[in-house]
Amino acid sequence: MDAIEPRFSNDVSALAARFALPGAVAFRSSPLGGIVAELDFAGHRAEVALFGGQVIGWAPARQKPVLWLSEAARLDAGKAVRGGIPVCWPWFGPAAEPGRPSHGFVRTRVWSVRNVQAAKDGVALTLAAPLRPDDPVPSGLDLSLTVTLAHDLTVALTTVNGSSVPLTITEALHTYLAVGDIAAVTVRGLEGAQFLDQLSGQTRTETALLRIGGEIDRIYAHGDGGVTVEDVALGRAIRVDHSGSGSTVVWNPWIEKSVRLGDMAEGGYRRMLCVETANAGGCVVTLAPGDSHTLTAKLSVAAL
Ligand code: BG6
């Protein structure tokens with residue numbers, strides 16, 4: 001199926017007529033502004049905003065939401081949405097050139113719908129990023145995001161270098177996990193990994209299980225092994241498995257930075273932790289003309 005053109009991406013009826021699948025995929029205007037796709041599979045639910053190509057909600061059947069979304073989030077304010085799974089691309093972190101946005105430019109654009117699929121083992125939605133000729137990337141690239149809802153949630157970001165020159169990117173699926181109490185969380189799976197502490201600029205090695213007691217902003221050199229967030233307050237463990245990823249970013253702004261950010265409610269930092277599936281820090285992806293690369297995060301939940 002061809003992508004619906006971006007100019008139709010703000011027309012719920014056109015989207016529904018072309019892509020809705022009864023009981024599996026619906027489109028609606030969100031109370032947060034903008035349009036969301038709602039995915040439904042056997043009582044599992046996910047919500048994907050066309051703004052940013054961003055998953056903004058996921059709740060497995062009989063579970064509390066697994067993704068955190070700021071109370072202040074809006075999908076029509078032209079600003080990056082704090083929560084869910086923002087797409088950082090084609091750079092992670094501050095831009096190399098002044099005046100360009102942090103974490104790239106696709107998280108503040110309205111994506112188009114390319115495809116939907118419902119099968120007996122899950123429901124999938126593919127969105128395409130609206131790249132423009134004046135973007136600071138070679139022309140001819142294709143960037144798409146496929147969200148697959150089954151018992152787990154899988155998000156796959158694919159870059160195709162259809163240009164005639166090599167392409168180098170950094171990227172992240174900047175996943176905001178919802179936790180009951182950040183101070184009672186343990187992060188498992190990063191032991192032994194080297195990390196860049198973005199707060200001090202130092203490189204160190206993680207020696208033990210990770211507990212969070214203050215602002216944290218670290219880029220771990222961590223390949224395809226999984227990371228588990230054990231949350232005793234909610235009695236569950238959230239596992240993040242990744243592929244195509246050379247780094248994992250762990251971020252929580254804690255008190256002062258969340259006040260500075262201005263888009264988190266008071267105490268919001270206690271209920272979230274970002275575990276980001278990334279290629280960042282020293283880890284970049286270089287694609288020869290014609291090559292493609294997929295960064296995948298698979299989230300699953302189990303009782304503790
Ligand atoms: C994290 C970065 O991935 O995102 C942090 O490591 C940054 O340095 C955070 O502060 C949030 O970024 P933004 O642009 O969404 O406020």
Side-chain angles (χ1 to χ4, degrees), residues 32 49 51-56 67-75 77-109 136 145 155 157 169-179 182 185 187 190 193-204 206 210 212 214-222 227 229 240 242 245-266 268-285 295 297 299:
L32 306 179
F51 180 73
Q54 187 159 336
V55 180
I56 56 166
L67 297 177
W68 178 88
L69 182 66
S70 172
E71 291 88 337
R74 291 289 308 176
L75 306 176
K79 273 184 58 189
V81 176
R82 177 97 37 221
I85 311 183
V87 175
C88 306
W89 187 96
W91 60 83
F92 174 90
E97 288 170 46
R100 299 207 192 278
S102 146
H103 287 330
F105 52 84
V106 295
R107 64 178 180 157
T108 50
R109 290 208 182 150
L145 184 88
V155 180
L157 180 71
I169 57 166
T170 51
E171 58 184 345
L173 295 165
H174 191 309
T175 308
Y176 285 79
L177 301 176
V179 299
I182 185 70
V185 149
V187 182
L190 295 169
Q194 231 190 32
F195 66 86
L196 169 66
D197 183 340
Q198 300 220 84
L199 302 177
S200 67
Q202 289 176 345
T203 300
R204 293 191 280 142
E206 195 60 75
L210 179 61
I212 322 284
E215 183 180 357
I216 182 167
D217 190 351
R218 297 180 180 177
I219 303 177
Y220 287 86
H222 181 255
V227 174
V229 175
V240 183
H242 10 244
S245 162
S247 23
T248 296
V249 180
V250 177
W251 180 66
N252 182 295
W254 215 254
I255 301 167
E256 283 169 24
K257 181 153 181 183
S258 58
V259 171
R260 280 204 307 278
L261 289 172
D263 55 6
M264 288 175 77
E266 200 186 334
Y269 74 95
R270 292 201 80 91
R271 297 185 295 277
M272 53 74 64
L273 177 65
C274 286
V275 175
E276 308 168 31
T277 299
N279 288 300
C283 177
V284 300
V285 174
L295 176 70
L299 310 184

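Hydrogens, waters and symmetry mates are skipped; everything else that's a heavy atom, side chains included, is used. Numbering of ligands and ligand atoms starts at 1, following listing order. These numbers were taken from a predicted model, which means no experiment stands behind them.
- Residue Ala80 places every heavy atom at 4.0 Å or more from ligand 1.
- In this structure, atom 4 (O) of ligand 1 lies nearest to the protein heavy atom His174 NE2, 2.8 Å.
- Between Val275 and Thr175 there is no side-chain heavy-atom pair separated by less than 4.5 Å.
- For atom 2 (C) of ligand 1, the closest heavy atom belonging to the protein is Asp217 OD1, 3.7 Å.
- Here is the list of ligand 1 atoms found below 4.0 Å of a heavy atom in Glu276: 1 (C), 3 (O).
- The shortest contact between atom 9 (C) of ligand 1 and any protein heavy atom is with Trp251 CE2, 3.4 Å.
- The atoms of ligand 1 that sit less than 4.0 Å from any heavy atom of Lys257 are 10 (O).
- Taking CE from Met272 and CZ from Arg82, the interatomic distance works out to 8.0 Å, rounded to the nearest 0.5 Å.
- Inclusion of Ser102 in the set of residues having an N or O under 3.5 Å from an N or O of ligand 1 is warranted.
- Under a cut-off of 6.0 angstrom, the local environment of CD in Glu256 is sparse, with at most 12 non-hydrogen atoms contributed by other residues, nucleotides or ligands.
- Protein heavy atom at the shortest distance from atom 12 (O) of ligand 1 is His103 NE2, 3.4 Å.
- The shortest separation from a heavy atom of Arg82 to ligand 1 is under 4.0 Å, placing the residue in contact.
- Scanning both residues, Phe51 and Arg107, for their nearest heavy atoms gives CE2-O, 3.8 Å.
- For ligand 1, the atoms sitting less than 4.0 Å from at least one non-hydrogen atom of Phe92 are 3 (O), 6 (O), numbered in the order shown with element in parentheses.
- The structure places CD of Glu206 at 10.0 Å from CG of Asp197, a figure rounded to the nearest 0.5 Å.
- Across all non-hydrogen atoms, the minimal contact from Trp251 to Leu273 is O-CD1, 3.8 Å.
- Ring planes of Tyr220 and Phe195: tilted class, angle from 30 to 60°.
- Residues Asn279 and Val284 fail the side-chain proximity criterion, which asks for heavy atoms closer than 4.5 Å.
- Using a 4.0 Å cut-off between heavy atoms, Arg107 contacts ligand 1 through its side chain alone, with no backbone atom that close.
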